[in-house]
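These notes are about the structure you will find just below.
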Amino acid sequence: MKPARILVIFGTRPEAIKLFPVVAALKATPGLDVRTCVTAQHRGLLDQVLSIAGLTPDIDLDLMEPGQSLDRLTARLLTGLGEVMDAERPDRVIVQGDTATAMVGALAAYYRKVPVSHVEAGLRSGDIYQPWPEEVNRRIVAPIADQHFAPTETAAEALRRENIDPATIHVTGNTVIDALHATRAKLEADPSLASGLDEIAARFAGKRIVLVTTHRRENFGGGMDNIAHALGRIAARDDVAILFPMHPNPNVVEAMERVLGAQANIARIDPLDYPHFIRALGLCHIALTDSGGVQEEAPALAKPVLVMRETTERPEGVVAGTAKLIGTDPDRIVAEVTALLDDDAAYAAMARAHNPFGDGHASARIARVIDGAFR
C-alpha cells in the first residue's frame, strides 16, 4: 500500500518547537510519508529551532518581509501554500496553534478538501482582540479540522461548546513539554549547546533573575512603554537582575531602548535559540512574560509565571496556580514581582503547583491517532 502523505506546515519559532517532536514521532511511524513545509513567518527565530532539532524542511517558502501587513502576509501565505499543496498532493495537512500560517494552511487545505489535523487545538481567551489576531486564527481552524489535538481537558471542553464533534477531539497534553524534555536531555549530554549564557550566569551570580519575554501585538505602544518602566523599577533592586532576550520587532526594541537605556542589572540580549532559552528558564527565579508558550514551559521547571496580559487562552495555568494574570500596569507589575521576591510562601505556592500542560508524551499520542485514521 502506498504510504499516506502527511504535510506538516509551520512558520514561526513556537510552531517549530511544538512540532519538531510531532514530526519525529510521525517519521518513526511505518506507512507515513512525512513532508515539512515552512513559511518562515519568523525567519531567524525559526532557523534556530530547525538547527537544534536537526530538521531540514522539504519546502521553504521564505515569505517574511520587513513591516509586512497581516493582509499581505495572509494573501502570500494562501497562494504560496496553495501551490505547495497542489504540487505535494497530501493526504492530510497538520497545522499548529494560532499563527497566520496555521490559519491559512488550514484554509488552503479546505479549498482542496484535504483533511486537517490541528495540534494545540481548543485554546480560547474569549476575547477576539486578546491575543490578537491569534484568538480568531484558532477559531477559524476549528470548524475546518477533523482531528483536534487538545492539550488539556479545558481546551477540549471549549471545542465541545463550539459544537465540534466530540469524537474528533483528542486530549494529548501539550507537545511543548515533549520538546522541553528532549532539549533538556541534549543539554545534559552536551552543556556546550547553551554555553552562550555562561558570561551572564557569572555576571548575575548571587542575584535572583527575572526572565522577561514580551512581543504581543496588543501590548505595542502604551503597554510596551508600561512594561519598560516597570522593568526599570524592578532592576533598581540590588538583589535582582533582569535577563531579557528581546524580540526583534521594532515596536519592542524602540520602547525598551527609549525607556530603559543602559542599566547594569538588565541584560537585553538577542533572541535565544531554544537550548539557551531552556537554560535561561533554569537560571531564572521568575518568568515575566506575555508569551503563551512560556506559560506552559516555565511550570515544568517549577518557575512561577507572571503574565502581562488581561486574558489568557491558557487558563489552566491560572487555575492550577502556576501562572497569574497581571496586565501591563507598571505599578501592578512591580507589586507582583516584589511579592514573589519577598514572600517565600507566595513563591513556593506557585513554584510547587502542578503543571497541567502534559507529561512529555503528547507527540506519540498524536502520531497514533493520525496513523489510525489511515488503517
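For this chain, numbers begin at 1 and follow the sequence in order.
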Filter on salt bridge (charged side-chain N to carboxylate O under 4.0 Å, His left out), then keep only pairs touching residues 141-158, sequence neighbours left out; what's left? Arg92-Asp146, Glu153-Arg160, Glu157-Arg160
Residues joined to Val318 in its hydrophobic cluster, side chain to side chain under 4.5 Å directly or through other members, sorted by chain and number, are Val305, Val307, Leu325
Contacts satisfying salt bridge (charged side-chain N to carboxylate O under 4.0 Å, His left out) that involve residues 239-253 (not counting sequence neighbours) are Arg208-Asp239, Arg237-Asp239
Residues which pass salt bridge (charged side-chain N to carboxylate O under 4.0 Å, His left out) with Asp343, listed by chain and number, not counting sequence neighbours: none
Pairs meeting criterion salt bridge (charged side-chain N to carboxylate O under 4.0 Å, His left out) with involvement of residues 125-134, two or more places apart: Glu134-Arg216
Any donor-acceptor pair under 3.5 Å linking the side-chain atoms of Thr101 with those of Thr39? yes
Can you list, pair by pair, the side-chain donor-acceptor contacts under 3.5 Å of residues 102-110, counting residues two or more places apart and other chains?
none

Which residue pairs pass the salt bridge (charged side-chain N to carboxylate O under 4.0 Å, His left out) test with at least one member in residues 346-364, sequence neighbours excluded? Asp359-Arg365
Considering residues at least two apart in sequence or located in another chain, which fulfil the ring-ring contact (aromatic ring centres under 6.0 Å, His included) criterion with His229? none
Not counting sequence neighbours, which residues clear ring-ring contact (aromatic ring centres under 6.0 Å, His included) with His285? List them please. Tyr347
Run the side chain to side chain contact (heavy atoms under 4.5 Å, CB included) test against Val319 and tell me which residues pass, sequence neighbours left out. none
Does any donor atom in the side chain of Gln130 or Ser125 lie under 3.5 Å from an acceptor atom in the other side chain? no
Holding to side chain to side chain contact (heavy atoms under 4.5 Å, CB included), I want the full list of residues that pass it with Leu70, two or more places apart in sequence or in another chain. Trp132, Pro133, Arg217
Please enumerate all residues that pass ring-ring contact (aromatic ring centres under 6.0 Å, His included) together with Phe204, with sequence neighbours excluded. none
